[in-house]
Amino acid sequence: MNHQITYLHCGEHLKNSLETEIEEVVHVVDSIEWKGEFKVVQPDSTVLHQTAYNKQFEIEFQKLGWEPKPTLSVNPRLIGDFRKNLVFVEVQFGNSATLYRDFYKFQYGLQNGLLSLSVLIVPVNPKGFFPTRPRSISNMAEYGLALRYFTVLPIAVPTMVIGLIAG
């Protein structure tokens with residue numbers, strides 16, 4: 001899939017030390033093809049749109065040995081999408097307010113030695129990314145908004161923000 005990447009609070013030494021995991025994240029993003037109406041067909045069900053993309057990310061990350069639904073904390077309950085070694089991934093197609101929750105997870109994980117790099121995957125333009133779903137995407141988390149949130153919040157969490165581009 002077409003995408004753009006911005007690193008926040010992330011030096012070259014960290015990127016070099018996590019090169020394999022970063023390459024795997026980019027490989028997963030590249031392996032998923034954008035479609036105006038995305039669906040994943042499974043033996044017992046068919047899922048569409050955001051749910052389908054989430055399922056396809058799960059399939060692709062698991063092929064590479066990433067842990068699905070890793071727990072950072074039981075109380076408060078903080079669960080992510082994927083983790084491998086010290087790289088923690090969130091794929092976000094939810095409401096823009098979920099970006100604050102993701103940032104909190106990243107901050108908690110960093111402060112408690114549970115991650116060295118957080119990865120946030122969001123669409124660049126949700127209306128273009130989900131053209132057949134205009135109602136369900138109002139106020140959806142998106143790349144530009146994530147960058148603004150993550151650069152003005154006072155905690156410097158090493159983060160790789162990947163913006164998914166339709167087309």
Side-chain angles (χ1 to χ4, degrees), residues 1-35 38-42 47-73 77-94 98-99 101-126 128-130 140-147 149-151 155-167:
M1 184 177 310
N2 293 330
H3 63 277
Q4 59 191 61
I5 298 173
T6 300
Y7 289 95
L8 303 171
H9 315 294
C10 193
E12 290 305 313
H13 178 71
L14 181 63
K15 290 192 283 188
N16 290 337
S17 69
L18 298 171
E19 182 178 9
T20 300
E21 290 85 355
I22 291 170
E23 286 176 357
E24 288 183 359
V25 169
V26 173
H27 171 77
V28 166
V29 170
D30 285 341
S31 70
I32 299 173
E33 181 182 347
W34 176 83
K35 296 179 182 172
F38 193 79
K39 66 180 174 180
V40 173
V41 179
Q42 299 179 298
V47 291
L48 303 170
H49 307 297
Q50 291 102 314
T51 305
Y53 278 111
N54 283 325
K55 185 63 179 174
Q56 193 62 45
F57 274 104
E58 179 183 341
I59 290 166
E60 298 301 326
F61 273 111
Q62 285 187 314
K63 284 181 188 175
L64 298 173
W66 287 66
E67 172 191 359
K69 297 181 177 44
T71 300
L72 290 175
S73 173
R77 189 168 187 252
L78 300 175
I79 299 171
D81 289 327
F82 311 100
R83 175 175 51 200
K84 190 172 203 181
N85 301 323
L86 291 174
V87 178
F88 187 83
V89 177
E90 285 286 338
V91 179
Q92 193 53 260
F93 297 122
T98 59
L99 293 172
R101 185 186 65 211
D102 292 340
F103 183 78
Y104 177 75
K105 288 180 200 179
F106 297 161
Q107 178 183 352
Y108 180 93
L110 182 67
Q111 287 182 334
N112 289 282
L114 303 170
L115 64 85
S116 293
L117 177 67
S118 58
V119 178
L120 177 68
I121 301 173
V122 292
V124 169
N125 175 5
F129 199 82
F130 297 107
M140 181 182 271
E142 57 94 10
Y143 185 76
L145 185 61
L147 292 179
Y149 281 0
F150 284 30
T151 55
I155 307 298
V157 177
T159 305
M160 175 184 184
V161 183
I162 302 176
L164 304 175
I165 301 170

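Numbers for residues simply follow the sequence, beginning at 1.
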Indicate, with yes or no, if the rings of [X] and [Y] have centres closer together than 6.0 Å.
| X | Y | result |
| --- | --- | --- |
| F61 | W66 | yes |
| F82 | F57 | no |
| F150 | F103 | yes |

Mind listing the closest non-hydrogen atom pair of [X] and [Y] along with its distance?
| X | Y | value |
| --- | --- | --- |
| L110 | A156 | CD2-O, 3.8 Å |
| F88 | P70 | CE1-CG, 3.6 Å |
| A52 | V40 | O-CG2, 3.3 Å |
| L86 | G113 | CD2-O, 4.1 Å |
| P126 | A141 | CG-O, 3.8 Å |

Could you check if a side-chain atom of [X] sits within less than 4.5 angstrom of a side-chain atom of [Y], using non-hydrogen atoms only?
| X | Y | answer |
| --- | --- | --- |
| M160 | L120 | no |
| N16 | H13 | no |
| L64 | H27 | yes |
| P123 | Y143 | no |
| L14 | S116 | yes |
| V87 | L115 | no |
| I162 | V119 | yes |

F129 and Y53 aromatic ring geometry - parallel, tilted or perpendicular at 30°/60° bounds: tilted
Strictly distance-based, threshold 3.5 Å: is any side-chain N or O of [X] a donor or acceptor partner for the main-chain N or O of [Y]?
| X | Y | answer |
| --- | --- | --- |
| N2 | L164 | no |
| T159 | V157 | yes |
| H3 | M1 | yes |
| T151 | L147 | yes |
| S118 | P158 | yes |

Where at least one partner belongs to residues 83-93, residue pairs that pass side-chain hydrogen bond (donor to acceptor under 3.5 Å, both in side chains), sequence neighbours excluded: E21-N85, E24-K84, E67-R83, E90-K105, Q92-T98, Q92-D102
Supply the atom-to-atom distance [X] [atom1] to [Y] [atom2], rounded to the nearest 0.5 angstrom.
| X | Y | atom1 | atom2 | value |
| --- | --- | --- | --- | --- |
| R101 | Y108 | CZ | OH | 16.0 Å |
| R77 | T71 | CZ | OG1 | 7.5 Å |
| I165 | N125 | CD1 | CG | 10.0 Å |
| K35 | L48 | NZ | CG | 12.0 Å |
| E19 | I22 | CD | CD1 | 8.0 Å |
| S73 | L114 | OG | CG | 8.5 Å |

Heavy atoms of other groups near E33 CD, more than 12 under 6.0 Å: no
Contacts of K15 that satisfy salt bridge (charged side-chain N to carboxylate O under 4.0 Å, His left out) - sequence neighbours left out: E12
I121 vs V29, side chain to side chain contact (heavy atoms under 4.5 Å, CB included): CA-CA, chis, key distance, verdict: CA-CA 9 Å; I121 301 173; V29 170; 4.1 Å; yes
Check against side chain to side chain contact (heavy atoms under 4.5 Å, CB included), V161 and L8: CA-CA 8 Å; V161 183; L8 303 171; 3.9 Å; yes
Stepwise side chain to side chain contact (heavy atoms under 4.5 Å, CB included) check, H49 with K39: CA-CA 6 Å; H49 307 297; K39 66 180 174 180; over 6 Å; no
